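If you're wondering where the values come from, they're calculated on a predicted model, not measured in any experiment. Whatever order the structure lists them in is the order used to number ligands and atoms, beginning at 1.
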Amino acid sequence: MSPILSIENLCKTYSSGLQALQNVNVDMVQGEIFALLGPNGAGKTTLIGSICGLVNYQQGSITVAGFDAKTQYRQAREKIGLVPQELMLDTFATVWHTVNFSRALFGKPKNHDFIEKLLHDFSLWDKKDTRLLELSGGMKRRVMIAKALAHEPEILFLDEPTAGVDVELRKSMWQNVRLLQQQGVTIILTTHYLEEAEEMADRIGVIHHGTLLLVEDKTSLMHKMGKKQIHFMLTSPLIQLPNTLQNYSLQISEDKKQLIYTMGKSTHDQQLHLLLADLQANQIMFDDITTHQSSLEEIFVETVERT
Ligand SMILES: Nc1ncnc2c1ncn2[C@@H]1O[C@H](COP(=O)(O)OP(=O)(O)O)[C@@H](O)[C@H]1O
Ligand SMILES: [Mg+2]
C-alpha cells in the first residue's frame, strides 16, 4: 500500500538562521495513529506547518495522498484536517456556522447530515447555535476538531491536542480519535506527554533539534528498548554479592534490602530459572517480588541523551 503521506529529505531553516528541520524522512500509513514526540522547540509544529502549507520549506518534498504539497497545494491541502496548537476561535460566529463555513472554504457542497453527525460525535449538537466566545475551553477544543473534519479529510493533524486539557476531556478526545481511526482517518498528533503517545499511538517518531531520531512501531520500540527489572525483597539485608552470582546482571539496592535483576532483551526464561536456583543455593531468601518495565518516558530520555 502506498503511503498516505510521504516526507523526503525535508529541511527548513527559518530566516533567523535557525535550522528547525534537518533531513526529515518519514512515511505515514493510511489509518494509523502516529505520535510525533519531542520536547518544546524540537520542530513538531514546523513539520506539521510544512505539510499543511503554512511553512515554506527550502529542501525536500512532501506528498499527501499522491499530491505534491507545493505544486499541487490545493489538492494536497484538501486531504488534510488541521487542529493547530493555538486555538483561534474567539468569534461571534456560532458552532454551526463555523463548522459549515470551514467545509465551504474547501469547496465542498453543503451536507447537513454529515455536519449534524459530526457535532453529535463531538457532543456539540446542543451547542450548535451557541457563539464560540461563549463556549468553555474544552468545548472550543472540540469545535476545533469538528471544524478540521468538516471537509472530510483523510489525514487529521492534532498539534498538542491535550496541552492544558483536563482528564475528562482528554479521555473523550481519545475516544473520538479512535472512532476516526476506525473510519479510516490517519491521525498524526504531536505531544510532549509520553504517556499519551504510549497510550494512543500505533507508531512513534521521536524528534529532537529538528532531527527525527527514530520512527518505530510502539510495541516493538518498547520491546526492543524497554528493560524489565525484577526486585527481590530480601528477608535479611545483603551486603555483598556472592561470587557465584557475579555473572548475573544483579544489583544490591542502597538500603541492602533488595536485589535487583535486570532482564535485557535477550534474557530468556531459562536464565531466570538458573538465577532462582542460584539464589537458593546461596541461601538468599526473599518474601516478595516486584517487577518494573521501563516506560516510553525512560526510552525517550535514553534516546535523546544518546544524541
Ligand atoms: N516563525 C519562526 N521564526 C523563527 N524561528 C521559529 C519560528 N517558528 C518556530 N521557530 C523555532 O523553530 C524551532 C522549532 O519550533 P517548533 O516547530 O514550534 O517546535 P515544537 O512545535 O516542537 O515545540 C524552535 O527553536 C522555534 O523557536
Ligand atoms: Mg509546537
Quick check: are there more than 12 heavy atoms from other residues, nucleotides or ligands sitting under 6.0 Å from NE2 of His209?
no
In terms of side-chain heavy atoms, does Thr186 have a donor or acceptor partner in Gln30 at a distance below 3.5 Å?
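No - no donor-acceptor pair under 3.5 Å links their side chains.
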When rounded to the nearest 0.5 angstrom, what is the spacing between CD1 in Ile51 and OG1 in Thr46?
11.0 Å
How long is the straight-line distance from CG of Leu238 back to CG of Asn282, given to the nearest 0.5 Å?
9.0 Å
With 2.8 Å as the limit, jot down which protein N, O or S atoms are around the Mg ion (ligand 2).
Thr45 OG1, Gln85 OE1
What is the closest protein heavy atom to [atom], and at what distance does it sit?
atom: atom 19 (O) of ligand 1; answer: Gly43 N, 3.2 Å
atom: atom 9 (C) of ligand 1; answer: Tyr14 CE1, 3.5 Å
atom: atom 18 (O) of ligand 1; answer: Thr45 CB, 3.7 Å
atom: atom 11 (C) of ligand 1; answer: Leu18 CD2, 3.5 Å

Determine all donor-acceptor pairs shorter than 3.5 Å in which one atom belongs to a side chain in residues 97-105; sequence neighbours excluded.
unit_1	atom_1	unit_2	atom_2	d
Thr98	OG1	Thr94	O	2.7
Asn100	ND2	Trp96	O	2.9
Ser102	OG	Lys147	O	3.2
Arg103	NE	Pro109	O	2.7
Arg103	NH1	Ala150	O	3.0
Arg103	NH1	Glu152	OE2	2.7
Arg103	NH2	Pro109	O	3.0
Arg103	NH2	Glu152	OE2	3.2

Any nitrogen or oxygen of Gln85, main chain or side chain, under 3.5 Å from a nitrogen or oxygen of ligand 1?
no
Test your reading of the structure: does Gly41 have an N or O sitting under 3.5 Å from an N or O of ligand 1?
yes
Ala20: numbered ligand 1 atoms lying under 4.0 Å from its heavy atoms
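Under 4.0 Å from Ala20, ligand 1 has these atoms: 12 (O).
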Which atoms from ligand 1 have a heavy atom of Pro39 less than 4.0 Å away?
22 (O)
Heavy atom to atom 17 (O) of ligand 1, shortest distance: which of Thr191, Ile207, Thr46 holds it?
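Shortest heavy-atom distance from atom 17 (O) of ligand 1: Thr46.
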May I ask you to identify, for Ser15, whether its side chain, its backbone, both or neither come under 4.0 Å of ligand 1 on a heavy-atom basis?
neither
What pairs of donor and acceptor atoms, side-chain ones from residues 67-80 against any protein atom, are under 3.5 angstrom apart with sequence neighbours left out?
unit_1	atom_1	unit_2	atom_2	d
Asp68	OD2	Lys70	N	2.8
Asp68	OD2	Thr71	N	2.8
Asp68	OD2	Thr71	OG1	3.2
Lys70	NZ	Tyr57	O	2.5
Gln72	OE1	Asp68	N	2.8
Arg77	NH1	Ile80	O	2.8
Lys79	NZ	Glu154	OE2	3.2

Just jot down the salt bridge (charged side-chain N to carboxylate O under 4.0 Å, His left out) partners of Arg178, sequence neighbours excluded, or say none.
none
